*Asks:* 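Please read through the structure below; I'll follow up with questions.
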Amino acid sequence: MSHLFRRVSKNLSSFPTRSLSSRRSNFSTATPPYLLLGSDIVGDSPCGGKLVNFNLYDPKTQKHVKIENQTLTKELNESKWIGSSRGWLASMNKNDSTVHLSNPSKKKTISLPPLTRDKFEHLVNVSVSSSDCCVVAVKFYGSRVSLCRLGDSEWTRVDVPCPSFHSSTVIYSERDERFYLNNCNPDYTGPTDLTPTSNPGLLTPVSGYMRFPFSNFLEEMPEQEEETCLSRFKIQQQLVQSSSGQSFIVCWFVERFTDRGEAAPWGDTSYNNNNKEGLCKKTHKIMVFRQDEEQRLGPHTDDIGDLCIFLGDNEAFCLSAKDYPGLNPNSVYFGGHGSGFGICDLATRTISYLSDSPPPSGRMFWIPPSSA
């Protein structure tokens with residue numbers, strides 16, 4: 001599989017992967033953003049938890065970073081990471097389903113009530129509001145999002161129309177002071193205010209984001225990738241907003257290959273069961289559509305200025321390359337969904353993979369600065 005990953009990576013990239021070096025650091029000096037690649041248990045802690053080394057990737061220096069001998073409490077050690085938002089890492093305890101927010105740089109952890117879910121419900125992402133009365137939103141595949149305000153004794157369930165919002169992510173908009181679920185169907189005509197009327201104390205509204213129609217989606221696709229061939233890809237649409245309030249819909253195209261290097265279309269169900277373990281996933285392309293509120297269109301763009309967009313299993317976010325020297329402006333950094341991690345240069349439409357090793361197992365989270 002390692003050999004296949006390298007071969008496919010070279011076939012898809014327009015320029016070679018970057019050689020990576022490593023350095024040791026600590027959370028007080030490791031400035032976000034960075035990508036959480038995993039952790040290694042190295043011992044027991046006096047509090048009954050574990051000592052771990054965190055493995056990170058720093059996109060500013062293009063180096064792997066190891067944060068050594070960090071203490072995980074017993075509760076956190078028994079939890080799995082479920083998301084990241086605004087400098088917080090969210091985890092869920094495997095035993096009692098309690099949710100914890102951890103800010104590694106501030107060495108602060110907040111505990112929330114158990115988040116009950118159906119056995120077959122899969123989680124999409126987590127978002128944390130930036131208001132003084134902090135609210136946490138957890139989006140599941142299907143027809144609900146759950147919210148909890150710090151200090152609440154239970155989570156509030158918000159039912160959303162399905163399938164229009166089935167696989168949507170949730171983000172918090174500082175500009176509009178509300179949570180948005182990205183609507184993947186531009187023809188949707190149902191309700192957009194999803195805030196439950198039964199809970200007037202829920203301070204942060206929940207809305208469906210009604211994206212504008214993509215004005216030139218197929219025109220930007222090469223002839224062999226037109227609508228009849230889109231089943232080759234799994235296309236995830238993510239809503240992201242900059243600190244200045246600009247809104248973008250980002251389409252992330254992921255394709256699959258067999259261990260022989262042959263394409264395995266997502267629309268071909270024969271690969272969905274016995275052959276899953278033999279498949280390699282790769283990011284094929286990324287397209288950004290600016291949400292033009294004056295013209296009410298979503299034109300494709302290759303120019304987002306000095307902004308960088310970060311996509312993963314985290315809440316998508318934007319940063320200015322001017323504020324974080326070393327980042328590549330006008331780019332999308334991606335990581336997760338089994339497709340490795342890398343960067344898409346929007347101007348040249350090229351993808352560079354930041355490692356030629358097989359992608360880490362499990363979910364991958366870009367951890368933003370607390371203010372992002």
Side-chain angles (χ1 to χ4, degrees), residues 8 11-14 122-125 139-142 160-171 180-188 208-240 247-257 263-269 271-272 276 279-291 297-302 304 309-316 331-346 349-351 353 359 363-364 366:
V8 173
N11 288 341
L12 292 180
S13 276
S14 297
H122 296 288
L123 190 143
V124 180
N125 78 308
K139 175 65 171 64
F140 293 90
Y141 286 102
V160 298
C162 194
S164 294
F165 299 92
H166 180 277
S167 59
S168 70
T169 54
V170 58
I171 73 160
Y180 277 124
L181 303 180
N182 176 37
N183 176 23
C184 298
N185 178 12
D187 298 323
Y188 173 73
Y209 184 83
M210 300 307 296
R211 70 167 176 82
F212 301 126
F214 295 153
S215 59
N216 51 353
F217 180 71
L218 290 179
E219 289 85 344
E220 291 293 337
M221 301 290 287
E223 182 178 353
Q224 67 272 21
E225 296 176 6
E226 288 183 354
E227 191 169 14
T228 56
C229 297
L230 288 182
S231 63
R232 284 179 51 200
F233 308 109
K234 181 179 182 180
I235 307 175
Q236 185 182 88
Q237 299 182 34
Q238 293 205 28
L239 169 67
V240 62
S247 298
F248 305 94
I249 300 294
V250 186
C251 291
W252 185 1
F253 292 72
V254 178
E255 58 184 339
R256 306 184 298 182
F257 296 87
W266 288 90
D268 189 337
T269 57
Y271 292 99
N272 292 346
K276 269 188 175 181
L279 297 178
C280 174
K281 302 174 186 176
K282 289 297 299 179
T283 293
H284 175 75
K285 69 186 304 180
I286 292 175
M287 300 175 69
V288 177
F289 295 85
R290 189 184 304 274
Q291 297 297 281
L297 290 173
H300 173 258
T301 181
D302 288 330
I304 58 173
I309 296 174
F310 290 82
L311 301 181
D313 294 305
N314 50 275
E315 176 186 37
S331 297
V332 177
Y333 290 83
F334 62 88
H337 299 285
S339 63
F341 60 100
I343 179 174
C344 173
D345 184 292
L346 294 177
R349 304 188 184 188
T350 51
I351 290 178
Y353 294 94
R363 311 182 82 198
M364 299 174 69
W366 292 100

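Not measured: the values here are computed from a predicted model.
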*Asks:* What's the separation between atom CG in L239 and atom CD1 in I249, rounded to the nearest 0.5 Å?
*Replies:* 4.5 Å
*Asks:* Dump the intermediate steps for ring-ring contact (aromatic ring centres under 6.0 Å, His included) on Y333 and F341, then the final yes or no.
*Replies:* CA-CA 8 Å; Y333 290 83; F341 60 100; over 10 Å; no
*Asks:* Just verifying a value: how many Å separate N125 CG and E315 CD, rounded to the nearest 0.5 Å?
*Replies:* 7.0 Å
*Asks:* Please round to the nearest 0.5 Å and tell me the distance separating atom NZ of K139 and atom CD1 of I171.
*Replies:* 13.5 Å
*Asks:* Can you measure from CZ (R211) to OG (S168) and round to the nearest 0.5 angstrom?
*Replies:* 12.0 Å
*Asks:* Nearest 0.5 Å, what's the OG1-CG distance between T169 and L311?
*Replies:* 9.5 Å
*Asks:* Of the non-hydrogen atoms in Y209 and S247, which two are nearest, and what is the gap between them?
*Replies:* OH-CB, 3.6 Å
*Asks:* Is the distance between the ring centroids of H122 and F140 under 6.0 Å?
*Replies:* no
*Asks:* Start with the C-alpha gap between H300 and M287, add the side-chain angles, then the distance that decides, and say whether side chain to side chain contact (heavy atoms under 4.5 Å, CB included) holds.
*Replies:* CA-CA 7 Å; H300 173 258; M287 300 175 69; 3.7 Å; yes
*Asks:* Do F289 and C251 touch side chain to side chain, with heavy atoms closer than 4.5 Å?
*Replies:* yes
*Asks:* I need the minimum non-hydrogen distance between S331 and D345, along with the two atoms involved.
*Replies:* OG-CA, 4.1 Å
*Asks:* For Y141 and L123, work out which heavy atoms get closest and say how close.
*Replies:* CE1-O, 3.8 Å
*Asks:* Contact between W252 and T283 at the side-chain level, heavy atoms closer than 4.5 Å - yes or no?
*Replies:* yes
*Asks:* Given V332 and I343, is the side chain to side chain contact (heavy atoms under 4.5 Å, CB included) satisfied, shown in steps?
*Replies:* CA-CA 6 Å; V332 177; I343 179 174; over 6 Å; no
*Asks:* So which atom in Y188 and which in M210 form the shortest heavy-atom distance, rounded to 0.1 Å?
*Replies:* O-CE, 3.3 Å
*Asks:* Return the minimal non-hydrogen interatomic distance between K282 and Y353, and the atom names on each side.
*Replies:* NZ-CE2, 2.7 Å
*Asks:* Would you check if F248 and I304 make a side-chain contact, meaning some heavy-atom pair closer than 4.5 Å?
*Replies:* yes
*Asks:* Does the pair H284 and F233 meet the rule for a side chain to side chain contact (heavy atoms under 4.5 Å, CB included), with working shown?
*Replies:* CA-CA 8 Å; H284 175 75; F233 308 109; 3.5 Å; yes
*Asks:* For the atom pair CD1 (I351) and CZ (R349), what is the distance rounded to the nearest 0.5 Å?
*Replies:* 12.0 Å
*Asks:* Minimum heavy-atom separation for D313 to G336, with atom names?
*Replies:* OD2-CA, 4.1 Å
*Asks:* Could you tell me whether the side chain of R256 and the main chain of A264 form a donor-acceptor pair under 3.5 Å?
*Replies:* yes
*Asks:* Is the ring centre of F310 less than 6.0 Å from the ring centre of F334?
*Replies:* no
